[in-house]
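Report on the structure given below.
Throughout, protein chains are lettered first and strands after them, A, B, ... in sequence-line order, and every chain is numbered starting at 1. For clarity, every value in this text was computed on a predicted model and none was experimentally measured.
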Number of protein chains: 2
Amino acid sequence: MSQNQTAETPQRILDAAEALFVEFGLEATTLRQITAAAQVNLAAVNYHFGSKEALIAELFRRRLSWLNEQRLQQLDRLDAQAQGRPLKPSQIVDAFFGVAVRMAADRVGGGHNFMRLLGRTYTEPAAFVRSFLAAEDSKTIARFKAALIKSLPDVPPEEIFWRFHFMLGAMSYAISGADALSILADVSLDDSDGEALMARLMSFLIGGLRAPLPALLTNLQQATPTPRAARAPKRRSGGAALQPHS
Amino acid sequence: MSQNQTAETPQRILDAAEALFVEFGLEATTLRQITAAAQVNLAAVNYHFGSKEALIAELFRRRLSWLNEQRLQQLDRLDAQAQGRPLKPSQIVDAFFGVAVRMAADRVGGGHNFMRLLGRTYTEPAAFVRSFLAAEDSKTIARFKAALIKSLPDVPPEEIFWRFHFMLGAMSYAISGADALSILADVSLDDSDGEALMARLMSFLIGGLRAPLPALLTNLQQATPTPRAARAPKRRSGGAALQPHS
DNA sequence: GTAGAATTCAAACAATCGTTTCAAACGCAT
DNA sequence: ATGCGTTTGAAACGATTGTTTGAATTCTAC
């Protein structure tokens with residue numbers, strides 16, 4: 001037994017876990033699912049990684065470090081050839097989001113699965129996930145925000161922060177792609193073409209980033225009713241609530 | 001005992017569950033947490049709702065029905081006073097996203113909690129959640145998409161679908177707000193002003209929606225390395241992987 | 001007040017979770 | 001081949017999960 005075929009056990013576990021986490025979520029995916037898919041023993045996860053949490057952390061770390069490395073290299077390249085002059089916002093946006101979307105377009109290497117997972121994770125409730133996400137991303141984000149501020153001297157930094165945040169959301173949903181979109185659209189959209197998605201997303205992002213500043217001190221609330229909680233009108237239609245089994 | 005103070009048991013359960021789901025997620029939140037927070041007996045959830053899944057469904061239903069009702073009313077109002085002429089895209093966007101953001105600004109009625117939960121749920125892995133999300137939203141989404149298509153006759157419908165999707169993502173992150181933003185920004189942004197957030201988001205959305213169409217048949221891949229999975233370089237720094245307890 | 005339905009309560013249910021255990025199998029230097 | 005550290009294997013661990021049970025309690029109508 002134990003042919004140790006091509007990849008060693010930790011790699012197999014990471015790859016299997018990545019696919020399952022996308023499908024079922026971090027919490028709902030069990031170690032038994034993962035080890036079964038990876039064709040390794042159940043105890044292998046705790047042996048090689050120490051715990052499920054450590055497995056998740058390592059899973060994100062190996063991809064995020066590569067992703068942010070590429071982003072910073074791209075920004076360095078642009079900075080070098082700009083020779084001190086401020087970059088165009090579209091260049092900065094492309095360096096940050098373009099690398100991510102191109103990674104998401106990589107279906108065979110697993111990048112697609114990971115990016116779908118990552119987009120969801122920025123709003124993940126689990127505290128430990130957000131903590132190492134922040135640790136991995138903070139340096140990169142800081143450099144890109146600084147570049148954007150320098151690139152858009154007429155836009156207040158706080159406004160840039162928010163728009164960067166909005167762009168992250170748009171990218172996240174763009175990568176989640178057909179999953180959530182199939183809810184909304186009766187037609188099935190073709191999201192297999194990563195380059196086309198990239199082009200769509202990029203023009204949207206630039207349009208939003210360069211939009212005219214909001215007139216903050218304008219018309220207050222319009223004729224909209226107060227958004228209170230809807231009192232639940234009636235719960236069940238038919239019979240009483242006696243022992244609602246099955 | 002059993003003072004049955006102000007709200008009856010099902011309401012108390014729904015309100016408590018809503019707050020806990022935002023904080024810990026749908027799966028990670030236990031019925032014992034919920035019933036303890038609502039100060040009701042553990043069995044009350046299964047008695048009144050039938051199961052945890054049914055509780056979640058009812059929780060989303062009571063808010064979503066109200067939300068989509070308001071959206072459609074707003075669109076009806078605009079349609080009526082437009083008298084057949086196509087609406088401005090900003091009007092349509094405001095009718096759809098404005099109602100949501102204003103609901104998210106309602107912190108006392110629980111709307112804030114729910115909208116944070118909703119934004120995350122569109123990318124939720126759990127199948128049963130997405131199914132009734134689709135059921136609740138499909139009619140509303142269809143009407144708004146039709147309005148947008150009519151409002152933007154020069155933009156291909158498929159492009160509008162995608163941009164609508166991007167807008168949903170931006171709104172989701174906008175509402176998640178300071179949670180995810182605190183990862184990215186060292187400064188603490190003030191997201192307490194719902195009207196200011198609304199203004200920021202709306203100008204971003206309109207800018208993205210009205211952005212020039214991407215030149216789809218342009219430059220192909222640039223000088224970016226192939227986004228393969230990074231081979232995990234080294235896992236642990238120090239000692240061996242023998243019994244890594246604690 | 002009393003009967004009967006609706007609700008609440010404490011306790012237990014089977015199932016499944018992440019984790020641990022310890023012996024067996026393996027890899028590899030000598 | 002021998003010895004030893006590394007990895008795998010099957011089985012069990014305690015804890016926690018959603019759910020169910022059946023008796024007590026409260027509520028409502030007569």
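- Residues A:I13 and A:F49 form a side-chain contact, since some pair of their non-hydrogen atoms from C-beta on lies under 4.5 Å apart.
- Following rounding to the nearest Å, A:F49 (CZ) and D:dT6 (P) show an atom-to-atom distance of 18 Å.
- As rounded to whole Å, 15 Å separates atom P of D:dC13 from atom CG of A:L42.
- Taking every heavy atom of residues 27-34 of chain A and every atom of DNA chain C, pairs under 4.0 Å involve A:T29, A:T30, A:L31, A:R32, by number.
- Taking atom CG of A:N41 as the reference point, atom P of D:dG9 lies 5 Å away to the nearest angstrom.
- A distance-only check finds a donor-acceptor pair linking the side chain of B:H112 to the backbone of B:A104 [under 3.5 Å].
- The nearest pair of heavy atoms linking B:A28 to B:Q33 is O-OE1, 3.5 Å.
- Here the side chain of B:S51 is nearest to one of D:dT19, C:dT19, C:dA10, namely D:dT19.
- Picking from C:dT20, C:dA10, D:dT8 the nucleotide with the shortest atom distance to the side chain of A:A43 gives C:dT20.
- Atom CD1 in B:I13 sits about 11 Å away from atom C1' in C:dT7, given to the nearest Å.
- Looking at the side chain of B:H48, the nearest of the listed nucleotides C:dT7, C:dA10, C:dT20 is C:dT7.
- Separating the CD atom of B:E8 from the C1' atom of D:dC27 is a distance of 14 Å, rounded to the nearest angstrom.
- Nearest nucleotide to the A:K52 side chain, out of C:dT7, D:dG9, C:dT19: C:dT19.
- The existence of a salt bridge linking B:D15 and B:R62 is confirmed by a sub-4.0 Å separation between a basic side-chain nitrogen and an acidic carboxylate oxygen.
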### Query
Stepwise, does the ring pair (Phe, Tyr, Trp, His ring centres under 6.0 Å) test hold for A:F144 with A:F164?
CA-CA 10 Å; A:F144 273 84; A:F164 197 89; 7.3 Å; no
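- Within the 4.0 angstrom heavy-atom criterion, no nucleotide atom of any strand lies near A:A44.
- Out of C:dT8, D:dT21, D:dT19, the shortest distance to the side chain of B:T9 is found at C:dT8.
- Under 4.0 Å is where a charged nitrogen must lie from a carboxylate oxygen, and between A:R130 and A:D137 no such pair does.
- Taking atom CZ on A:R12 and atom C1' on D:dT7, their separation rounds to 13 Å, with Å as the unit.
- If you measure from atom OH of B:Y47 to atom P of C:dA5, you get 12 Å, rounded to the nearest angstrom.
- Rounded to a whole Å, the CZ atom of A:F24 is 12 Å from the P atom of C:dC17.
- Across all their heavy atoms, B:M103 and B:F114 have their closest contact at CE-CD2, 3.8 Å.
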